[in-house]
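Working notes, structure below.
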There are 2 protein chains.
Amino acid sequence: MTDTIDLLRQSGIQPTPQRIAVAEFILGSKTHPSADEVFVMVRQTCPTVSRATVYNTLNLLVEKGLIRQQVLREGTIIFDSHVAAHHHFVDEETGEIHDVPWDAVQVSGAEKLIGFEVHEFQVVMRGRLRAK
Amino acid sequence: MTDTIDLLRQSGIQPTPQRIAVAEFILGSKTHPSADEVFVMVRQTCPTVSRATVYNTLNLLVEKGLIRQQVLREGTIIFDSHVAAHHHFVDEETGEIHDVPWDAVQVSGAEKLIGFEVHEFQVVMRGRLRAK
DNA sequence: TATAATTTAAGACTAAGTCTAAAATCAGGC
DNA sequence: GCCTGATTTTAGACTTAGTCTTAAATTATA
């Protein structure tokens, strides 16, 4: 909790109970929740937080670089606490998003495209989970 | 026009004036329009087509494999007449989507991920257009 | 304590996508 | 051509994700 407060402060974000609750949840999450999924979860620790505040807070965390937003799931933006470059796997059946380590896939040529100044890239893979 | 009718029939799609208009537009498009952008454009050739019919038709074309849908732009699904594997470049400033030829980028390892059965993949690049 | 600035809450609003029910159209048989 | 059943279209209603608005609450500062 104190770590989260310090982190918010260091990022120029005024810590409030609502913001702390949202940050604790999303920064501790290994999944890729939508804003409304965050809202549902955060209401458990902060029952009076409003939906608009959750959206506002998530967008602020993105703006300050603490989390990333991704366009990977149909119908909604998802949020990702893993800010370092990595790839994604999208489960076609469930829509669930999985992180793929940056080094698991090798990409060359992406930053040398003619006509484009590439700032970042990722490989987006689609398929299904393998039975274990 | 006759080509489009034949193509629809071969795909098991009953050709109607509305469907022909939508198919002609999207199959001839080099861009990545949203459903509502298609709606606006198709209304020029088929002024009485309804918005629901445009959505229905695009989804049917996707289902039959004539076009692809992509989750690349915030806030909306885009449609892509280029069904063969290729990559995409997303212009950070405008949100515009550009095709990148499959061979322009080399990817290895994507289909050998532990735990995942990868059916398809693409590299999604973000940045800005280079001044020409 | 007072004041200004910031944040929150909750409802309203917008836009993308889908649903619904009736009307229109199409396909096939006679 | 007519009839009937199936399919498609229409247009408005509806749902949901994301944003806006305004007043209240909270925080920061003097």
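Values in this document were obtained by computation on a predicted structure and should not be read as measured data. We name chains A, B, ... by the order of the sequence lines, and we start the count at 1 in each one.
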* Structure fact -> Sorted by chain and number, sequence neighbours left out, salt bridge (Lys or Arg N to Asp or Glu O under 4.0 Å) with B/Glu111 holds for none
Rounded distance in Å - [atom1] ([X]) to [atom2] ([N]):
X       : N      : atom1 : atom2 : value
B/Arg19 : D/dT10 : CZ    : P     : 11 Å
B/Arg73 : D/dG18 : CZ    : C1'   : 17 Å
A/Ile20 : D/dT27 : CD1   : P     : 10 Å
A/Ile5  : D/dT27 : CD1   : P     : 12 Å
A/Phe39 : D/dT16 : CZ    : C1'   : 14 Å
B/Glu74 : D/dG18 : CD    : P     : 9 Å
B/Glu63 : D/dT8  : CD    : C1'   : 15 Å
A/Asp36 : D/dT19 : CG    : C1'   : 12 Å

* Within the structure, does a side-chain N or O atom of A/Tyr55 lie under 4.0 Å from either OP1 or OP2 of D/dG18? -> yes
* Base, sugar-phosphate alone, or nothing: which one does B/Thr76 contact when heavy atoms must sit under 4.0 Å apart? -> sugar-phosphate
* Asked: Which is true for A/Ser34 with a 4.0 Å heavy-atom rule: it touches a base, it touches only sugar-phosphate, or it touches nothing?
  -> nothing
* Will you find, in the side chains of A/His88 and A/Gln122, an N or O donor that is under 3.5 Å from an N or O acceptor? -> yes
* What pairs with A/His82 under ring-ring contact (aromatic ring centres under 6.0 Å, His included), at least two apart in sequence or on another chain? ->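 So A/His82 forms a ring-ring contact (aromatic ring centres under 6.0 Å, His included) with A/His86.
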* Asked: Which residues pass the side chain to side chain donor-acceptor pair (under 3.5 Å) test with A/Arg128, sequence neighbours left out?
  ->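 A/Arg128: no side chain to side chain donor-acceptor pair (under 3.5 Å) contacts found.
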* To do: Could you pull out the closest heavy-atom pair between A/Val83 and A/Leu66, with the gap in Å?
  =>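 Answer, listing the atom of A/Val83 first, then A/Leu66: CG1-O, 3.5 Å.
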* To do: Enumerate the residue pairs fulfilling side chain to side chain donor-acceptor pair (under 3.5 Å) with a member in residues 1-12 of chain B, sequence neighbours excluded, ordered by first and then second residue.
  =>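 Listed once each, the pairs are B/Thr4-B/Glu24.
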* To do: Could you say whether B/Asn56 or A/Gly12 is positioned toward the 5' end of DNA chain C, judged by the nucleotide with the nearest heavy atom to each?
  =>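 Of the two residues, A/Gly12 wins.
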* Between A/Pro17 and B/Phe79, just flag the one whose closest nucleotide in DNA chain C comes earlier from the 5' side. =>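 Closer to the 5' end of DNA chain C: A/Pro17.
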* To do: Just grab all the ring pair (Phe, Tyr, Trp, His ring centres under 6.0 Å) pairs involving residues 90-116 of chain B, residues at least two apart or on different chains.
  => A/Phe89-B/Phe116, A/His98-B/Phe116, A/Phe116-B/His98, B/His87-B/Trp102, B/Trp102-B/Phe121
* Structure fact -> DNA chain C: first to last nucleotide in contact with chain B (atom under 4.0 angstrom from a heavy atom), 5' to 3', is C/dA16 to C/dA27
